[in-house]
Structures are given as C-alpha cells and as structure tokens.
2 protein chains.
Amino acid sequence: MRVSAKADYAVRAAAELAASPDGPVKGERLADSQDIPLQFLEHILLDLKHSGIVRARRGAKGGYWLAKPAEEVSIAEVIRAVEGPIAHVQSAPPESITYTGSAKELQNVWIAVRASLREVLESTSLADLVSGELPEHVRELADDKDAWQPR
Amino acid sequence: MRVSAKADYAVRAAAELAASPDGPVKGERLADSQDIPLQFLEHILLDLKHSGIVRARRGAKGGYWLAKPAEEVSIAEVIRAVEGPIAHVQSAPPESITYTGSAKELQNVWIAVRASLREVLESTSLADLVSGELPEHVRELADDKDAWQPR
DNA sequence: GATTCTGCTGACCGATTTGATCGCGAAATA
DNA sequence: TATTTCGCGATCAAATCGGTCAGCAGAATC
C-alpha cells in the first residue's frame, strides 16, 4: 500500500503541465522545476502520452502539454497511467477474488479500500491540485489533525 | 497502491485465528484452510508474533492464537505488521514530504489518501471481518455498485 | 538540404522486493 | 527419548523499482 516514485513524479509533472496552459513545455523544464531525473521523467511522460493524458511534439519549440483541460484529468487517471489499476490484491482486481471460510468478508473490505481511494483520487483533478482548491471531502480528510500523525 | 500477497495472507490467517477462539491452532491448519504455502505463512505468523498480534507455543499441542480479543485487532495493524507503514510515498511518510511549485498541494492529497485508507482499515476489526458485520461506512463503500466496477 | 533541437523507444543495469523453499535448531509434549 | 511444532536465518528465482544510455525519428531553423 505505498505510492511509488513513478506515480509521485507523474502527478507532479502533470501538475506542472496543468499550471502552464499555453504551448508545449520541454521535458527538461518539467524535470528541473520538479527535480525529477530527466530521462526517467521522459519514460513517465511517454506513459502519460500513451494513455491519452498528454500530447507532445518533437523538435525545436517542442514539448509536452495536457491533452484535456486540467479540470477533466483526475489524479487517479495519472496514477493508473503509470502504475496500472489502483488497489489490486495479489495482482488481481478485488472483484474477481473469492475468499473462503473466515475470510469470506475480506473481498468486501478490499472493495471498500479501493472505493475509498477512488473517492479521493478520482474526485481531485489537476486543476484542483494546482489551484489548491481540493474537493471538500478531500480537504476534510487532510485537515483532520489525526491524519498527520505517523503510525 | 496494491495489496501484496503477504498482507492478504496475513489478514486471512488472522481471521482464521479470530474464528478459532479456543486454544492454539497449528500453522498447518491455517495454511490448509486458507490455502497458503505453509513455510511462507510461518514467516508471516512470525511477523505477527513480533508485533504482538499473535502468540505461539511449540511442540505437540502447540500452535498460534491471537494475543488480544479479535475486537481489538484492526486489519490495519495486521497489514502494518507485515508491510510496514500504510501509504508511504517514495518510502517516506507523507507528512515528512514538502513539494514545491505547482505540486505544493500534493502533500495534502497524500495525507487524505492515507486518512481514507485508515478510515477503512483501522475501523474494521478481525471480529467484524469474521462476523460479517462491517462498520457502517465500510459497508456503504462496499455496497456501492460502482465500487465493484473495474477500471 | 543540413543542422539542431527535442521527443521516442528499447536495451540495459544494480538494488531491492516479492513470494517462496530449505534446513536446522529450540521448545513443548508424550 | 522421541515426536511434534514453532523460530529463524540462508538462499533463491523472478519481478519490480528507480534510473541511465544510446540511437532513432520528427519538427523547426538556417
């Protein structure tokens, strides 16, 4: 249940694109501004391109830009583009697993886990992220003092 | 953002223990009933023992049992025992990360992600799991038809 | 048309993690 | 003492992670 460097980088790069609405942004500038290794970032941007989140042009005056308005791109989409489906269990989607005996209800728990992740990640768009205006229920989760407590 | 085999196994084994309240249960029986490789499971049970969730005795009549009542053991505890902290980002806790530029708000998102995971995993005890009486908000998440939709 | 710029892409790399097995020692019981 | 069962480190193959390298393919500029 951890967030990989790749996913973190991807969201940050996408946020940077969302904040630069006009014209292509060079990979190098994204790498610099978010302190991400350039060549690693290029692979990530390629993933984002393949899943239709980003578009790109080569050559002088080339670079990357969002394929859709930042309001229409959720953080969940970005993460899925680089990490694949969210909240898989043993590499399988929770709805496809059946448990037996005392663990019968476990499937419902994993489904709930996925649903709660989705509630946060699908409701938050890149526009929300760069503007700082997170959806209300996300803000409430983040504002809870207990949520900042390590465990 | 995936659930490892180890975590899945750990919760299932713990559920099996929660459902066998009297006396020690042999590793072999746990492995059989939940279809988990025995020797792998033994390592997992050792982790659970080290974190005080389970106790064990060797020899004939030996086996494993819960160190606490099943009502007092959350699924979150079990997962932490085998996987470490939940929802770390790049192997660091989200509260320790600071982002710059357009990604400044990202920390709040990761905090919210962790909080939402905790809301599910800390509120659900092994007793809830084996009885099938999941906490209301967990049940609501799992009952939403959209939550069963793959993506 | 040649050059330069920049993205595209596959190959590769070392370290770590994952999912597991083996073997043996140490308790507990009979 | 023999048997049972857990404790635990060693080892292992495969996958993943985080990242680098090198060369090709378009796009713009001169």
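All chains are named by letter (A, B, ...) in the order of the sequence lines, taking the proteins before the strands, and each is independently numbered beginning at 1. Here the structure is a predicted model, which is why all the values come from computation and not from measurement. Side-chain atoms are counted along with the backbone in the values below, which use heavy atoms only and exclude waters and symmetry mates.
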Practice task
Between B/L38 and A/A5, just flag the one whose closest nucleotide in DNA chain D comes earlier from the 5' side.
Solution key: B/L38
Exercise for the section: State, with a plain yes or no, whether a side-chain heavy atom of A/R118 is found less than 4.5 Å away from one of A/R114. Expected result: yes
Exercise for the section: Could you check if a side-chain atom of A/E140 sits within less than 4.5 angstrom of a side-chain atom of A/D143, using non-hydrogen atoms only? Expected result: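 The answer is no; the side chains never approach within 4.5 Å.
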Handout entry: Any B/Y9 side-chain N or O less than 4.0 Å from OP1/OP2 of C/dA20
Key =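 Checking C/dA20 against B/Y9, a side-chain N or O does come within under 4.0 Å of OP1 or OP2.
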Handout entry: Comparing A/R2 and A/L45 on DNA chain C - which has the more 5′ nearest nucleotide
Key =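 That would be A/L45.
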Whole angstrom value for the distance that separates [atom2] of [N] from [atom1] of [X]:
X	N	atom1	atom2	answer
A/D47	C/dG7	CG	P	16 Å
A/M1	C/dT18	CE	P	13 Å
B/I36	C/dG19	CD1	P	13 Å
B/L41	C/dT21	CG	C1'	14 Å
B/E42	C/dT21	CD	P	11 Å
A/F40	C/dT9	CZ	C1'	15 Å
B/H88	C/dT17	NE2	P	14 Å
B/Q39	C/dC24	CD	C1'	12 Å

Practice task
Taking only heavy atoms on the protein side, list every residue of residues 52-63 of chain B lying under 4.0 Å from any atom of DNA chain D, sorted numerically.
Solution key: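 Within residues 52-63 of chain B, the residues near DNA chain D are B/A56, B/R57, B/R58, B/G59, B/A60, B/G63.
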Practice task
Please list, in 5' to 3' order, the outermost nucleotides of DNA chain D lying under 4.0 Å from any heavy atom of chain A.
Solution key: D/dG18 to D/dA28
Exercise for the section: Report yes or no: do B/F40 and B/V3 belong to one cluster of Ile/Leu/Val/Met/Phe/Trp/Tyr joined by side chain heavy-atom distances under 4.5 Å? Expected result: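 Same cluster: B/F40 reaches B/V3 through Ile, Leu, Val, Met, Phe, Trp or Tyr contacts under 4.5 Å.
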Exercise for the section: Group every Ile, Leu, Val, Met, Phe, Trp and Tyr by side-chain heavy-atom contacts under 4.5 Å, then state whether A/V54 and A/V130 land in the same group. Expected result: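 A/V54 does not cluster with A/V130.
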Problem - Between B/E122 and B/S74: side-chain donor-acceptor atoms closer than 3.5 Å - result: no
Problem - Check: B/E119/A/S116 side-chain N/O donor and acceptor closer than 3.5 Å - result: no
Fill in the blank from the handout: The reported gap from CH2 in A/W110 to CD in A/Q90 (rounded to nearest 0.5 angstrom) is 10.0 Å
Exercise for the section: Measure the spacing between CZ of B/R29 and CG of B/L17 and express it to the nearest 0.5 Å. Expected result: 9.0 Å
Handout entry: Heavy-atom donor-acceptor pair, A/H50 side-chain to C/dT9 base, under 3.5 Å
Key =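 No, no donor-acceptor pair under 3.5 Å.
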Practice task
Assess whether one donor atom and one acceptor atom, taken from the side chain of A/H43 and the base of C/dG10, lie less than 3.5 Å apart.
Solution key: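 Answer yes: a donor N or O sits under 3.5 Å from an acceptor.
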Practice task
Without swapping roles, check the side chain of A/E71 against the backbone of A/A127 for a donor-acceptor pair under 3.5 Å.
Solution key: no
